[in-house]
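Below is one structure, written out as structure tokens; the observations come after it.
Quick note: numbers below take in every heavy atom, side chains included, and nothing from hydrogens, waters or symmetry partners. A note on names: the letters A, B, ... follow the listed sequences, proteins ahead of strands, and every chain is numbered from 1.
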There are 2 protein chains.
Amino acid sequence: MTMLTDAPRRRQIEDVASALFRASGYSATSVRDIARALDMQGASLYSHMASKEDVLWSIVDRAASAFEEAAELALEAAPARDPRARVMALVRAHVGVIARDPGQASVFVAEWRHLAGDRRAAILERRDAYEARLRSLLADGMAAGEFALADPAIAATFLLSALNGAATWYREDGRMSADQLADQYADLALRTLTEDTR
Amino acid sequence: MTMLTDAPRRRQIEDVASALFRASGYSATSVRDIARALDMQGASLYSHMASKEDVLWSIVDRAASAFEEAAELALEAAPARDPRARVMALVRAHVGVIARDPGQASVFVAEWRHLAGDRRAAILERRDAYEARLRSLLADGMAAGEFALADPAIAATFLLSALNGAATWYREDGRMSADQLADQYADLALRTLTEDTR
DNA sequence: CCTACCGATCGGTAGG
DNA sequence: CCTACCGATCGGTAGG
């Protein structure tokens, strides 16, 4: 999570909004709810934002970039020809982004549908591209004989649902560190990909 | 999904509301949106419901009962001392409830937080009890030496997130039948529980 | 960043 | 099930 103190106002607004959107959803959170959390008047927020949807867009766009960049970095660093290591790296990166800012992540996961028109379309495209990358990693692993999957597309969706679930429940002050979360989730995720030999 | 034709009005309202809540969320769906989908005036709905939250409660309560009853039946029918078979049965039952009515299920999964007070507390308790049942099944399997899990609570959360994800994307008219979904998800879920022997 | 204010829409009621 | 209507609240603007 980002420090709320001393962050620029716009960023403070986005962080407070993330937390409120996460707890109650975008539509049930009013501009005045956000203002109240910052000890401001509702109308004053409009010095820093053009619209409520604008703030949602900033959060979702930033989250999408965080996932994309983390995946990029992780896959660059991972061995090129080891599908297991590559999936592991992607999963750990994904969980890391969630653990670092669960508010932002959960807004990305659950509230993007309140975006309209082009923004909605753009984010859907990026989500699809991201999922496609996991899908192709799974296909690579199958081609290499490392994974056994009846349907890599279903497996990718199954996995991403499981990982994204953490955005809803994970608390930074809970009993689990970000690393512990990443370790456990990566382990569970990897198991999904190979035959169950008992 | 339930037939909309000839269902009693109250049930039609709940089915239409489920679909709209699933697509846009509870707060972004107005009473007039629901009425419009039924070719009625907004105020006319109040002959059949006391409040908007009342309709949400009916959907969530019915969904909770469906999950509970399906789990009960599945576990009664499953062998008492075979943890793998028992988890498999529970997963298949859970996915079956989702596939049979994804609208109802996704409202249960995502919109319960818009309930207030006692209802919210009651549903949280039932969710906890349901998850606890899966958790204890996992613990049984570990005790029997059949499952290898670092933390059965985390595994249960991971699994339920993965399964519930289907409530968001599954379409009855899509390329996958309910049985295919249940088969694939049960397979993926079961793999999660045993060591990855490669 | 504030006060004052806008039109639109919200959930819900009265009365038929 | 409809028309007519209610107060409250919504996102947002004007002007300082």
Side-chain angles (χ1 to χ4, degrees), chain A residues 4-61 107 110-120, chain B residues 4-61 107 110-120:
Chain A
L4 294 187
T5 347
D6 288 336
R9 260 275 120 118
R10 170 63 187 232
R11 181 56 191 253
Q12 287 180 34
I13 293 171
E14 290 174 18
D15 287 338
V16 159
S18 293
L20 293 172
F21 293 167
R22 185 191 194 203
S24 312
Y26 174 76
S27 297
T29 303
S30 74
V31 168
R32 271 135 185 108
D33 290 334
I34 300 170
R36 192 177 313 116
L38 291 164
D39 277 310
M40 292 169 71
Q41 295 301 314
S44 304
L45 287 181
Y46 287 87
S47 313
H48 305 282
M49 68 190 211
S51 71
K52 185 186 168 190
E53 200 203 305
D54 229 67
V55 172
L56 174 61
W57 168 249
S58 292
I59 299 165
V60 169
D61 179 44
V107 172
E111 308 297 331
W112 62 268
R113 58 184 172 166
H114 295 108
L115 293 168
D118 290 351
R119 288 167 159 180
R120 189 186 168 118
Chain B
L4 293 188
T5 348
D6 288 335
R9 257 280 121 118
R10 170 63 189 235
R11 180 55 191 252
Q12 289 180 33
I13 292 172
E14 290 173 18
D15 288 338
V16 158
S18 294
L20 293 171
F21 294 168
R22 185 192 193 202
S24 313
Y26 174 76
S27 297
T29 303
S30 75
V31 168
R32 272 135 185 108
D33 290 334
I34 301 169
R36 191 176 314 116
L38 291 163
D39 277 311
M40 292 168 70
Q41 295 300 313
S44 304
L45 287 181
Y46 287 87
S47 313
H48 305 282
M49 67 189 213
S51 70
K52 185 188 170 190
E53 198 203 306
D54 229 67
V55 172
L56 174 61
W57 168 249
S58 292
I59 298 165
V60 169
D61 180 43
V107 171
E111 308 297 331
W112 62 268
R113 58 186 171 165
H114 295 109
L115 294 168
D118 290 352
R119 288 167 159 180
R120 188 186 170 120

**Asked** Rounded to the Å, how far apart are Glu53(B) CD and dC10(C) P?
**Response** 18 Å

**Prompt:** When all nucleic acid strands are considered with a 4.0 Å heavy-atom cut-off, which category describes Thr29(B): base, sugar-phosphate, or nothing?
**Reply:** sugar-phosphate

**Distance, rounded to the nearest Å, where Phe21(B) contributes CZ and dG11(C) contributes C1'** = 12 Å

**Request:** Verify, without hydrogens or angle tests, whether Asp33(B) (side chain) and Ser30(B) (backbone) share a donor-acceptor contact under 3.5 angstrom.
**Result:** yes

**Complete:** Under the rule of Watson-Crick or G-U wobble with both distances under 3.5 Å, where | means paired to another strand and [ ] a crossing pair, DNA chain D maps to ||||||||||||||||

**Heavy-atom check, side chain of Glu14(A) versus side chain of Met49(A), under 4.5 Å** = no

**Prompt:** So which heavy atom on Leu20(B) is nearest to which on Thr29(B), and how close?
**Reply:** O-OG1, 3.4 Å

**Message:** Rounding to an integer number of Å, can you tell me how far Arg32(A) CZ sits from dC10(D) C1'?
**Reply:** 7 Å

**Message:** From CG of Asp33(B) over to P of dG12(C), roughly how many Å is that when rounded to an integer?
**Reply:** 14 Å

**Prompt:** Distance-only, no hydrogens or angles: does the His114(B) side chain make a donor-acceptor pair with backbone N or O of Ser24(A) under 3.5 Å?
**Reply:** yes

**Message:** Could you tell me how far apart Tyr26(A) (OH) and dC10(D) (C1') are, to the nearest whole angstrom?
**Reply:** 12 Å

**Prompt:** Between dC2(D), dT13(C), dG12(D), which nucleotide has the shortest distance from any of its atoms to the side chain of Gln41(B)?
**Reply:** dC2(D)

**Nucleotide dG12(C), atom C1' - distance to CD1 of Ile34(B) in whole Å** = 13 Å

**Prompt:** If you check the Met40(B) side chain, which of dC1(D), dT3(C), dC10(D) turns out closest?
**Reply:** dC1(D)

**Request:** Report yes if a side-chain nitrogen or oxygen of Ser30(A) is closer than 4.0 Å to either non-bridging phosphate oxygen (OP1 or OP2) of dC10(D); otherwise report no.
**Result:** yes

**Side-chain N,O (Ser44(A)) to OP1/OP2 (dC2(C)) below 4.0 Å** = yes

**Request:** Assess whether side-chain hydrogen bond (donor to acceptor under 3.5 Å, both in side chains) is satisfied between Arg11(B) and Ser58(B), documenting all intermediate values.
**Result:** CA-CA 9 Å; Arg11(B) 180 55 191 252; Ser58(B) 292; over 6 Å; no

**Prompt:** Within 45° of the ring axis of Tyr26(A) and under 6.0 Å from its six-membered ring centre, is that where the NZ or CZ of Lys52(A) lies?
**Reply:** yes

**Prompt:** Is there a side-chain polar atom (N or O) of Arg9(A) under 4.0 Å from OP1 or OP2 of dC1(C)?
**Reply:** yes

**Complete:** Heavy-atom closest pair (Arg22(A) atom, Arg113(B) atom, distance to 0.1 Å) is O-NH1, 3.0 Å

**Asked** Rounded to the Å, how far apart are Lys52(A) NZ and dC10(D) P?
**Response** 9 Å

**Asked** At under 4.0 Å between heavy atoms, what does Ser47(B) touch on the DNA or RNA strands: base, sugar-phosphate, or nothing?
**Response** base

**Asked** Can you check the Arg36(B) CZ to dC2(D) P distance for me, whole Å?
**Response** 13 Å

